[in-house]
Visitor: 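Please find one structure pasted underneath; my questions will follow.
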Amino acid sequence: MFGLVDCNNFYVSCERVFQPRLEGQPVVVLSNNDSCIISRSQEAKALGLKMGEPYFQVREQLRQHGVQVFSSNYALYGDMSRRVMHYLGQTVPGVEIYSIDEAFLDLGGLQRHLTPYLGKLDELASEIRAQVKQRTGIPTCVGVAPTKTLAKLANRLAKKDAALGGVLYLDSPERRRWALGQVAIGDVWGIGRQYAHKLTAVGIDSAADLAKVSEAWARKMLGGVVGARLVRELQGYPCAGLHPSEDGTLSRQSISCSRTFGRPLTAQADVLAAVTSFLSRAAEKLRRQGDQAYVLTVYVQKNRFDSRVPPPYSRSATLTLPGGPTADTLVLARYAAHLLARVWEPGTVYHKAGVVLDGLEPPSSGQQLGLFAAPAAVVVPPAPVLVTKRADLMAQVDALNARYGRGTVRLGSTVPALAVMAGHTRAPWQGQAHWQSPAFTTRLEDLLTVR
DNA sequence: TATACGATGACGACTAAT
DNA sequence: CCGCATTAGTCGTCATCG
């Protein structure tokens, strides 16, 4: 049996925890560079504001209705997420952190101290919900069902119907049949816009309709094995297990960093500064995870919303690192510069860039190489003492940046000389964040004062 | 003026090895 | 040496989800 804990309007809820005046108010949180709406309070949803809506298109509407607007504050949201996940980890034996605001729980074999809840999983779910609220201030809903897909579905219904008290346990086939009939096809986990359109065209309008199709049909219509699994899960047969998150953290298979620029860029030196900066961030995340990367991708994007700009909007270049896996920012940055030159088209106006680290694996010790090992003849191991010095250097840089703030120590190539000479404090690729709340939980000077 | 970011997986085209 | 089939891997693009 699976539980799904999903925080309500998570980013808005995080802002509300530290600013109770926001309760009952329409509130939205904007994405990076104050571009798009990415979190809405119930009151904001009631005004018709949509997820992903560009800010500049609704600015007037927000002003008219007195909507409280926030730039995103990921330091705060990440910290609140850790608090929620930490409590869940302490409480149930298996927790899979699915996203910043969601976790799957293994409610199959409960530990002894939870056995009073056996057969009363709705009571356990209610208790978890109440404890998360009390300990972190974050409201949640909990769905419980025999498969992950049904737990997602139960969670959605728990959110929709306030009479359920934030919890729905699909404990019987009858309840499951009822629940399937309540959910529109496009709201099923794994059914996006394309599939929803395809399915409604042939009269499949609800989760219940989809649960009735044959496996062969699902394979044909919904991308092979993925579709077959989805239908089986709706029928109550688990096809996906729980992947517990080790000590409350998530280990990624890939790490990326990308941003839309503060303004369109045409100079390769400016984009290189951006790419190098993104690469530095990605490499920091890589080292924090304790891994090395074997594959590096750099991509650049034009403005796909500009009708004068013809597709393709994006170009990428990927490289399997000739020197083998590394977590060294300087090594990675050197290759990133080459990859940027490969995708660069002179005379193009660029809008966004990003880097991706793939083929992540822990540092290999001695001769032992991992999944992505190159042929032995090609592997040229650097002198061990040098590796140690470089690893030490990276550790020192990470420590300084952690202590004195991100960007205290950074690569020279992230700082375009012209920008410095012109006295700009902000690099041309950096955006704005006009309405950021204080880092209530992670910066000493921003801590709340209680009188 | 202005339209997110990050993670995952699928697929087609291509290459190398067997 | 070539042609063919198969497999694994690489690389670029696209779609989906939260």
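All chains are named by letter (A, B, ...) in the order of the sequence lines, taking the proteins before the strands, and each is independently numbered beginning at 1.
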Visitor: What is the distance from CZ of Arg281(A) to C1' of dA7(B), rounded to the nearest Å?
Guide: 16 Å
Visitor: Could you label the plane-to-plane angle of the Tyr74(A) and Tyr77(A) rings as parallel, tilted or perpendicular, counting under 30° as parallel and over 60° as perpendicular?
Guide: perpendicular
Visitor: Arg252(A) has a side chain; which of dA4(B), dC5(B), dA7(B) sits nearest to it?
Guide: dA7(B)
Visitor: With DNA chain B as reference, determine whether Phe56(A) or Arg229(A) sits nearer its 5' end, using the nearest nucleotide of each.
Guide: Phe56(A)
Visitor: Would you call Lys148(A)-Glu96(A) a salt bridge at under 4.0 Å N-O?
Guide: yes
Visitor: Whether His351(A) contacts dT3(B) is assessed here as follows: a side-chain N or O lying under 4.0 Å from the phosphate OP1 or OP2. Is that the case?
Guide: yes
Visitor: Report, as a single string ordered 5' to 3', how protein heavy atoms within less than 4.0 Å touch nucleotides 11-18 of chain C: B base, S sugar-phosphate only, - not at all.
Guide: SSB-SSSS
Visitor: When you compare the side chains of Glu233(A) and Thr149(A), does any donor N or O come within less than 3.5 Å of an acceptor on the partner?
Guide: yes
Visitor: Could you check whether atom CZ of Arg156(A) has more than 12 heavy atoms from other residues, nucleotides or ligands sitting under 6.0 Å from it?
Guide: no
Visitor: Using a distance-only test with no angle check, is there a side-chain donor-acceptor pair under 3.5 angstrom linking Arg304(A) and Ser314(A)?
Guide: no
Visitor: Using OP1 and OP2 only, check whether a side-chain N or O of Ser258(A) sits under 4.0 Å from dG6(B).
Guide: yes
Visitor: Please state whether the phosphate of dG6(B), meaning OP1 or OP2, lies under 4.0 angstrom from any side-chain nitrogen or oxygen of Arg259(A).
Guide: yes
Visitor: Whole-Å distance between dA7(B) P and Ile97(A) CD1?
Guide: 14 Å
Visitor: Tell me whether Glu361(A) is salt-bridged to Arg252(A), with the criterion being a basic N under 4.0 Å from an acidic carboxylate O.
Guide: no
Visitor: Which nucleotides of nucleotides 13-18 of chain B have their base under 4.0 Å from a protein heavy atom (B), which only their sugar-phosphate (S), and which neither (-), written as one string 5' to 3'?
Guide: ------
Visitor: To the nearest angstrom, how far is Gln432(A) atom CD from dT3(B) atom P?
Guide: 13 Å
Visitor: In whole angstrom, what separates Arg59(A)'s CZ from dA2(B)'s C1'?
Guide: 8 Å
Visitor: Closest approach to the side chain of Cys257(A), judged atom by atom: which nucleotide of dG6(B), dA4(B), dA2(B) is it?
Guide: dG6(B)
Visitor: When the P atoms of dA2(B) and dG18(C) are compared, how many Å lie between them, rounded to an integer?
Guide: 30 Å
Visitor: Considering residues at least two apart in sequence or located in another chain, which fulfil the ring pair (Phe, Tyr, Trp, His ring centres under 6.0 Å) criterion with Phe104(A)?
Guide: Tyr98(A), Trp189(A)
Visitor: For Thr260(A) and Asn33(A), which I'm curious about, is there any donor-acceptor pair between the side chains at under 3.5 Å?
Guide: no
Visitor: Can you sort out the partners of Thr297(A) under side-chain hydrogen bond (donor to acceptor under 3.5 Å, both in side chains), two or more places apart, ordered by chain and number?
Guide: Thr318(A)
Visitor: Considering heavy-atom distances to DNA chain B, does Ser256(A) or Asn303(A) have its closest nucleotide positioned more toward the 5' end?
Guide: Asn303(A)
Visitor: How many Å lie between CG on Leu230(A) and P on dG9(B), as a whole number?
Guide: 16 Å
Visitor: Under a cut-off of 3.5 Å for both distances of each Watson-Crick or G-U pair, what dot-bracket string does DNA chain B give, using [ ] for crossing pairs and | for inter-strand pairs?
Guide: ....||||||||||||||
Visitor: Starting at NZ of Lys285(A) and ending at P of dC5(B), how long is that distance when rounded to a whole Å?
Guide: 11 Å
Visitor: Roughly how many Å is it from CG in Asp358(A) to C1' in dG9(B), rounded to a whole number?
Guide: 11 Å
Visitor: Is there a side chain to side chain contact (heavy atoms under 4.5 Å, CB included) between Lys352(A) and Ser258(A) once you walk through the steps?
Guide: CA-CA 7 Å; Lys352(A) 173 179 178 168; Ser258(A) 65; 3.8 Å; yes
Visitor: Not counting sequence neighbours, which residues clear side-chain hydrogen bond (donor to acceptor under 3.5 Å, both in side chains) with Lys45(A)? List them please.
Guide: Asn9(A), Gln42(A)
Visitor: Is it the case that Asp328(A) and Thr326(A) place a side-chain donor and acceptor less than 3.5 Å from each other?
Guide: no
Visitor: With a 4.0 Å cutoff (strictly under), does any side-chain N or O of Gln253(A) reach OP1 or OP2 of dG9(B)?
Guide: yes
Visitor: Taking the same atom, P, in dT3(B) and in dC17(C), what whole-Å distance lies between them?
Guide: 24 Å
Visitor: Is Ser35(A) near enough to dA2(B) that one of its side-chain N or O atoms lies under 4.0 angstrom from OP1 or OP2?
Guide: no
Visitor: Return the value, rounded to whole Å, for the distance between atom NZ of Lys352(A) and atom C1' of dG6(B).
Guide: 9 Å
Visitor: In whole Å, what separates the C1' atom of dA16(B) from that of dC4(C)?
Guide: 15 Å
Visitor: Any chance NE2 of His197(A) has more than 12 other-residue heavy atoms, nucleotides or ligands included, within less than 6.0 Å?
Guide: no
